[in-house]
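Remarks on the structure that follows.
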Amino acid sequence: MGIYIDTGNMGFASSRKGIYVDKSGLIPVVNETINSERRYSCVSRCRRFGKSMAAKMLAAYYDRSCDSRQLFAGLQAEKDPSFEEHLNKYPVIFFAMTDFTTRFKDASIMGRVQKEIIKDVHCTYPEVPVEEDDDLMAYLIRIANTTGEKFIFILDEWDAVLRERPAYTDDFVNWLRRMFKGASTDRVFAAVYMTGILPIKKYKTESALNNFQEYSVVKPGIMARYFGFTKKEVKQLAEDTGMSFDELEKWYDGYQIGDEPSMFNPNSVVAALYEKWCTCYWGRTGAYDSVLEYIQRNYDGLKDSVIRMLTGGKVSVNTSLFQNDMTDVNGRDDVFTVLIHLGYLSYDRQTQQCFVPNYEVSIELKNAVKETGWAGVSQALQQSQQLLEDTIAGNAAAVARAVDTAHDENTSILSYNDENSLACVLSIAYYSARGDYHIHREYPTGKGYADLVMIPRKNVSKPALVIELKSNRSARAAISQIRRKEYPEKIAEYTGQMLLVGINYDKKKKKHTCRIEKWEKTEGLDGSNSDLGQT
């Protein structure tokens with residue numbers, strides 16, 4: 001057993017011993033590419049989304065030095081006609097680039113990589129000499145010519161140099177070209193599978209490796225189902241372990257990847273199942289530092305967009321301009337594209353919009369906002385729990401004061417003179433409600449759109465909130481509109497407990513007033529209401 005070649009199946013065997021979701025359907029997809037023009041695959045997905053586990057699974061399946069039949073017993077891949085054809089039939093070279101970026105800090109990193117792998121491969125093929133001027137590709141060509149064998153090459157964390165040693169990016173990309181784009185590559189490799197966070201770096205003329213089939217969170221193609229856990233898979237895990245699916249969904253669902261509308265963060269789900277506790281497992285890394293740096297630059301009104309997404313909104317983004325290089329970030333769209341690839345945002349390819357996927361990520365983004373020095377926004381987010389409590393308690397005066405404060409502290413960030421802008425500020429003020437509520441801006445009700453609607457999540461014993469906003473009218477007028485357009489009747493399909501909140505902004509006095517009424521579901525859904533408080 002080698003270090004980088006014929007490494008066996010122990011990595012995948014370890015994965016099978018714990019909480020495991022069957023993603024072996026990836027194997028037939030890769031099998032389809034073997035010895036074809038599509039044999040080069042680069043699959044980039046968010047951090048903590050199972051990149052290394054997929055690589056270990058493929059290595060265990062193809063590696064000729066072991067017998068992995070029992071590891072795949074009963075899994076999806078076993079049922080595919082191609083399973084027997086390729087099972088444990090190839091010499092596999094498998095390594096993670098992070099093994100080298102963490103050890104070698106200087107410009108000789110690619111020389112060190114090649115030297116170590118050549119040494120290890122030579123132990124497997126001692127009859128094939130290593131010439132003095134050989135690089136890795138030259139030696140693999142000699143092996144292929146001598147033995148007639150083709151390799152499966154699996155490179156995990158391929159983009160680690162771009163992310164951690166950006167000064168050596170050109171040398172690294174030239175090495176990739178040498179390995180995978182020369183005239184001899186097809187007789188050396190049966191298939192190449194690279195995994196990372198970023199897609200292959202772009203240059204001004206063309207992709208450095210345009211023979212690769214690329215799959216990313218922006219363009220996942222046929223790989224989408226293997227990028228995370230589906231809702232069906234998490235429901236089964238919750239049932240098997242006795243965890244609350246509703247809690248798992250609140251914390252870790254929300255990624256939209258290709259045609260898969262509802263994907264969960266695999267690492268966080270598994271951590272929650274082991275710990276029997278849903279919380280934020282999105283640990284801080286160098287990626288978080290990059291997020292903080294990009295947000296602080298505030299490209300093209302980026303700050304306003306971050307706040308909008310943090311409070312449940314979506315923002316348009318052009319992902320096509322990003323050069324797939326975290327040091328080459330030149331505007332708002334580039335920042336959002338980086339955050340999509342890192343997993344801090346999700347991407348809707350139909351609308352070409354990005355958004356915060358779930359409660360777990362929103363906590364980390366809130367922390368980033370706090371560290372940017374956006375004092376007004378940060379304070380409003382911190383005080384939002386008290387605002388929610390005052391609203392539920394019917395303390396209209398306290399609600400009006402809190403909205404006044406949110407307005408005053410955020411005018412430099414979100415200038416507003418209309419109800420739509422007020423709704424944006426209200427979304428900041430009610431940020432903490434995301435934990436217990438589904439929050440909707442401009443919620444469709446059949447006879448119009450309610451400005452802000454909060455529907456409690458399952459097993460949350462709190463009332464729904466319908467908030468209507470007015471300018472230079474009155475809080476009572478806002479309540480009247482809620483009643484006139486029958487907003488409560490529509491929302492009562494989801495809950496029978498409801499508070500109607502009317503907020504008016506007097507532009508001349510620069511003050512808000514508030515009225516809160518309790519709406520109770522009655523037979524026929526007509527409803528009745530009683531005044532809880534007003535200013």
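Keep in mind it's a predicted model, so treat the numbers as computed, not measured. Residues take their numbers from the sequence shown, with the count starting at 1.
- N318 contributes no side-chain N or O that, together with a main-chain N or O of D333, makes up a donor-acceptor pair within less than 3.5 Å.
- Within 6.0 Å of NZ on K314 lie more than 12 heavy atoms contributed by other residues, nucleotides or ligands.
- The aromatic ring centroids of Y215 and Y193 lie 6.0 Å or more from each other.
- Using a 4.0 Å cut-off between charged nitrogen and carboxylate oxygen, K150 and D186 do not count as a salt-bridge pair.
- Residues Y505 and I503 fail the side-chain proximity criterion, which asks for heavy atoms closer than 4.5 Å.
- Side-chain contact between Y430 and M454 is present, with at least one heavy-atom pair separated by less than 4.5 Å.
- Around atom CZ of R225, no more than 12 heavy atoms belonging to other residues, nucleotides or ligands sit under 6.0 Å away.
- Considering CG of L237 and CZ of F264, their distance stands at 10.0 Å, rounded to 0.5 Å.
- Between the side chain of D334 and the main chain of N330, a donor-acceptor pair closer than 3.5 Å is present.
- The closest side-chain donor-acceptor pair between Y61 and S24, if any, does not fall under 3.5 angstrom.
- Distance check, rounded to the nearest 0.5 Å: OG1 of T169 to CG of D328 gives 10.0 Å.
- Panel note: side chain S108, backbone G111; no donor-acceptor pair is recorded below 3.5 Å.
- Between Y40 and F212, the ring planes are tilted. Angles from 30° to 60° get that label.
- Side-chain contact check for N31 and H86: no donor-acceptor pair (N or O, by modelled atom type) lies under 3.5 Å.
- With S346 contributing its side chain and Q256 its backbone, the two residues share a donor-acceptor pair below 3.5 Å.
- Residues C278 and L248 meet the side-chain proximity criterion, which asks for heavy atoms closer than 4.5 Å.
- The main-chain N or O of L198 is found under 3.5 Å from a side-chain atom of W158 such that the two form a donor-acceptor pair.
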Between L452 and L469, is a side chain to side chain contact (heavy atoms under 4.5 Å, CB included) present by the stated rule, with each step listed?
CA-CA 8 Å; L452 197 64; L469 312 168; 5.7 Å; no
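- By the 4.0 Å N-to-carboxylate-O rule, R39 lies too far from E32 to be salt-bridged with it.
- Between atom CD1 of residue I27 and atom CG of residue L58 there is a gap of 6.0 Å, rounded to the nearest 0.5 Å.
- In this structure, Y347 has its ring center no closer than 6.0 Å to that of Y255.
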Apply the test side chain to side chain contact (heavy atoms under 4.5 Å, CB included) to residues R177 and W175: give CA-CA distance (whole Å), side-chain angles for both, the deciding distance (0.1 Å), then the verdict.
CA-CA 5 Å; R177 281 198 184 107; W175 176 78; over 6 Å; no
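- F49 places none of its side-chain heavy atoms less than 4.5 Å from the side chain of N267.
- Annotation: R187, atom CZ; neighbour count of heavy atoms from other residues, nucleotides and ligands within 6.0 Å is above 12.
- For D156 and K51, the salt-bridge test fails: no basic side-chain N is under 4.0 Å from an acidic carboxylate O.
- Side-chain contact between N265 and F229: absent, with no pair of heavy atoms (C-beta onward) separated by less than 4.5 Å.
- There is a side-chain donor-acceptor pair under 3.5 Å between E360 and S268.
- A salt bridge does not link E247 with K458: every distance from a Lys NZ or Arg NE/NH1/NH2 to an Asp or Glu carboxylate oxygen is 4.0 Å or more.
- With hydrogens and angles disregarded, a donor-acceptor distance shorter than 3.5 Å links the side chain of Q76 to the backbone of D22.
- Between V356 and S362 the shortest side-chain heavy-atom distance falls below 4.5 Å.
- With salt bridges taken as basic N to acidic carboxylate O contacts below 4.0 Å, one links E157 and R163.
- In this structure, M194 and F180 have side chains that are in contact, with non-hydrogen atoms separated by less than 4.5 Å.
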Could you walk me through whether D348 and F355 pass the side chain to side chain contact (heavy atoms under 4.5 Å, CB included) test, one step at a time?
CA-CA 8 Å; D348 184 335; F355 55 94; 4.2 Å; yes
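- At distances below 3.5 Å, not a single donor-acceptor pair connects side-chain atoms of K23 with backbone N or O atoms of A54.
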Check step by step if side chain to side chain contact (heavy atoms under 4.5 Å, CB included) holds for Y62 and V30.
CA-CA 11 Å; Y62 291 115; V30 178; 3.4 Å; yes
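- Side chains of F172 and M97 form a contact here, defined as non-hydrogen atoms less than 4.5 Å apart.
- Remark: side-chain polar atoms of D63 are not paired, donor with acceptor, to backbone N or O of V92 under 3.5 angstrom.
- Expressed to the nearest 0.5 Å, how far CD1 of I363 lies from CG of N358 amounts to 9.0 Å.
- Q383 contributes atom CD, which lies 11.0 Å from atom OG of S432 (distance to the nearest 0.5 angstrom).
- Both tests hold for K235 against F245: distance to the six-membered ring centre under 6.0 Å, angle to the ring axis within 45°.
- Taking the six-membered ring for Trp and the full ring otherwise, the centers of F189 and F153 sit less than 6.0 Å from each other.
- Taking the ring axis of F227 as reference, the NZ or CZ atom of R45 stays within 45° of it and closer than 6.0 Å to the ring centre.
- Classified by interplanar angle (parallel below 30°, tilted 30° to 60°, perpendicular above 60°), the ring pair Y281/Y252 is tilted.
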Run the numbers on D135 and R178 for salt bridge (Lys or Arg N to Asp or Glu O under 4.0 Å), then give the verdict.
CA-CA 10 Å; D135 62 5; R178 165 68 174 145; 2.8 Å; yes
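- The structure places CD1 of I5 at 9.5 Å from OG1 of T7, a figure rounded to the nearest 0.5 Å.
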